[in-house]
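What follows is a single structure, written as structure tokens, with notes after it.
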Number of protein chains: 2
Amino acid sequence: MEVSEKKPFRELCNEHGIAVTHQRQVLYEVMKSMHGHPSPEEVYARVKKRIPAISLATVYKNIHLFVESGIFREVSVHHGSLRVEMNHRPHHHLVCSECKAIRDIDERELHLQPKQTRLSDGFLVERYSIDVIGLCPQCQAMQSVQ
Amino acid sequence: MEVSEKKPFRELCNEHGIAVTHQRQVLYEVMKSMHGHPSPEEVYARVKKRIPAISLATVYKNIHLFVESGIFREVSVHHGSLRVEMNHRPHHHLVCSECKAIRDIDERELHLQPKQTRLSDGFLVERYSIDVIGLCPQCQAMQSVQ
DNA sequence: TTCGCTGCAAAGGTTTTGCATCGGA
DNA sequence: TCCGATGCAAAACCTTTGCAGCGAA
């Protein structure tokens, strides 16, 4: 499940049909060296130390490119605007990786029922929120057509 | 696990120490009648039909109030800005409901390993993304102090 | 040489805030 | 009456876009 193995950046770019630019290379290296869940601004601040003239727009464009290529991943598929949950029953979400549509799935239908309430590091569990990410039937049909 | 039972709105407000205003009441009723995962703009459009003079700011303020009170819930705890995942190993997230801190937890440590790849409605599973929502040790300590 | 990439600045979308006024308790 | 709630407008973010010039292939 490793997303990017130790592969030269040039090779990664060839695979995805993108040009190897200096900005892109440094951005990639800086990102690989970071930990946690940085925001584009945080990545930008780090890259600026090595390329002071780089623009935030370039950072955004390339982060998107990396995410689309599967080189990096977003922490959440729901990072857009605020959405309110109208289904008050215990359920989780089926999120289509293509069209981003969200469908609810009943908790029992997932055949997953976690029991722990306290993890080893002391974290006190209130609830689990599960996103099942994949392809909805419509997008599967689209893919087989193309 | 029902978040809001059939309880008069006035009672709900008393419990949470908030005033019962006309706007708030209509907003609540309109939201309860909606399905899916509406955005504040969508809620605003609906409420405007009954209170044409209502402002979007009021809708935002009250949605937040409802979410903080537990009357409604957000679809995702990560609705803010884009975050990039730096941990390339299979893992999930511990998200503190107080301070919003995100910590990674190894997939195996969760003792959950779903096996299905296709659900009954045809949805093709690519991966599971699990947020374990609860209180981190620091916030638990904070709560017991206050 | 060509087409994609970059930097800049401006625009766009979403959400928050300050403030005067209004209204529920 | 009083303090919280509202509406408005402006500001504050975060992100995207248009475009002229630059640079990788």
Side-chain angles (χ1 to χ4, degrees), chain A residues 8-31 37-45 47-69 71-72 74-84 100, chain B residues 8-31 37-45 47-69 71-72 74-84 100:
Chain A
F9 182 64
R10 179 167 302 274
E11 209 176 302
L12 265 180
C13 287
N14 290 343
E15 278 174 23
H16 296 289
I18 62 181
V20 182
T21 66
H22 180 55
Q23 287 87 338
R24 209 163 264 169
Q25 173 113 42
V26 171
L27 184 59
Y28 174 73
E29 276 164 19
V30 164
M31 286 176 74
H37 313 91
S39 65
E41 281 283 353
E42 284 163 345
V43 173
Y44 174 59
V47 176
K48 230 173 152 50
K49 287 180 187 168
R50 286 179 55 186
I51 311 179
I54 201 169
S55 81
L56 183 57
T58 298
V59 171
Y60 268 99
K61 285 168 191 165
N62 283 305
I63 288 179
H64 282 141
L65 201 65
F66 290 160
V67 169
E68 280 159 29
S69 306
I71 297 171
F72 287 98
E74 290 184 48
V75 168
S76 166
V77 282
H78 309 283
H79 80 271
S81 73
L82 173 61
R83 296 283 164 155
V84 189
K100 311 297 177 197
Chain B
F9 182 64
R10 179 167 300 276
E11 211 175 302
L12 266 180
C13 287
N14 290 342
E15 278 174 24
H16 297 288
I18 62 181
V20 181
T21 66
H22 179 55
Q23 287 88 336
R24 209 164 266 169
Q25 173 115 38
V26 170
L27 184 59
Y28 174 73
E29 277 164 20
V30 164
M31 286 175 75
H37 314 91
S39 65
E41 281 283 352
E42 285 163 345
V43 173
Y44 174 59
V47 176
K48 229 173 153 51
K49 288 180 187 167
R50 287 178 55 185
I51 311 179
I54 201 170
S55 81
L56 183 58
T58 299
V59 171
Y60 268 99
K61 284 169 190 165
N62 283 304
I63 289 178
H64 281 141
L65 202 65
F66 290 160
V67 169
E68 281 159 28
S69 306
I71 297 172
F72 287 97
E74 289 185 49
V75 168
S76 166
V77 283
H78 308 284
H79 80 271
S81 73
L82 173 61
R83 295 285 165 152
V84 189
K100 312 296 177 198

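Numbers restart at 1 for each chain; the letters A, B, ... are given by sequence-line order, proteins then strands.
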Pairing residues for B:E41 by the salt bridge (Lys or Arg N to Asp or Glu O under 4.0 Å) criterion, not counting sequence neighbours: none
A:E68 side chain vs A:L65 backbone, donor-acceptor pair below 3.5 Å: no
Between D:dT6 (P) and B:K48 (NZ): distance, integer Å: 15 Å
Sole residue of B:V26, B:I63, B:I71 in side chain to side chain contact (heavy atoms under 4.5 Å, CB included) with B:M31: B:I63
Sugar-phosphate only, base, or nothing, as touched by B:L56 at under 4.0 Å among non-hydrogen atoms: base
Spacing between B:E42 atom CD and C:dG13 atom C1', to the nearest angstrom: 14 Å
First encountered from the 5' end of DNA chain C, between A:G17 and B:N14: A:G17
Distance, rounded to the nearest Å, where B:I54 contributes CD1 and C:dC22 contributes P: 17 Å
Nucleotide D:dG23, atom P - distance to CD1 of A:I18 in whole Å: 19 Å
Interatomic distance where CG belongs to A:L82 and C1' belongs to D:dT15 [whole Å]: 17 Å
Contacts of type salt bridge (Lys or Arg N to Asp or Glu O under 4.0 Å), residue B:R24, not counting sequence neighbours: none
Whether B:E42 side chain and B:S39 backbone form a donor-acceptor pair below 3.5 Å: yes
Nucleotide nearest B:T21 (side chain, heavy atoms from C-beta), chosen from D:dT6, C:dT6, D:dA9: D:dT6
Sugar-phosphate only, base, or nothing, as touched by A:A19 at under 4.0 Å among non-hydrogen atoms: sugar-phosphate
Which residue lies more 5' along DNA chain D, comparing B:R24 with B:S81 via nearest heavy atoms: B:R24
Aromatic plane relationship, B:Y28 with B:F66 - under 30° parallel, 30 to 60° tilted, over 60° perpendicular: perpendicular
Distance, rounded to the nearest Å, where B:H79 contributes NE2 and C:dT15 contributes P: 6 Å
Between C1' of D:dC8 and CD1 of B:I51, the distance in whole Å: 16 Å
Atom-to-atom span, CD of B:E68 to P of C:dT16 - whole angstrom: 10 Å
Presence of B:T58 side-chain N/O under 4.0 Å of D:dT6 phosphate oxygens OP1/OP2: no
Below 4.0 Å: OP1/OP2 of C:dG7 and any side-chain N or O of A:Q23: yes
B:S76 side chain to B:H78 backbone, donor-acceptor under 3.5 Å: yes
Proximity to DNA chain C (any heavy atom under 4.0 Å), residues of residues 59-66 of chain B only: B:Y60, B:K61, B:H64
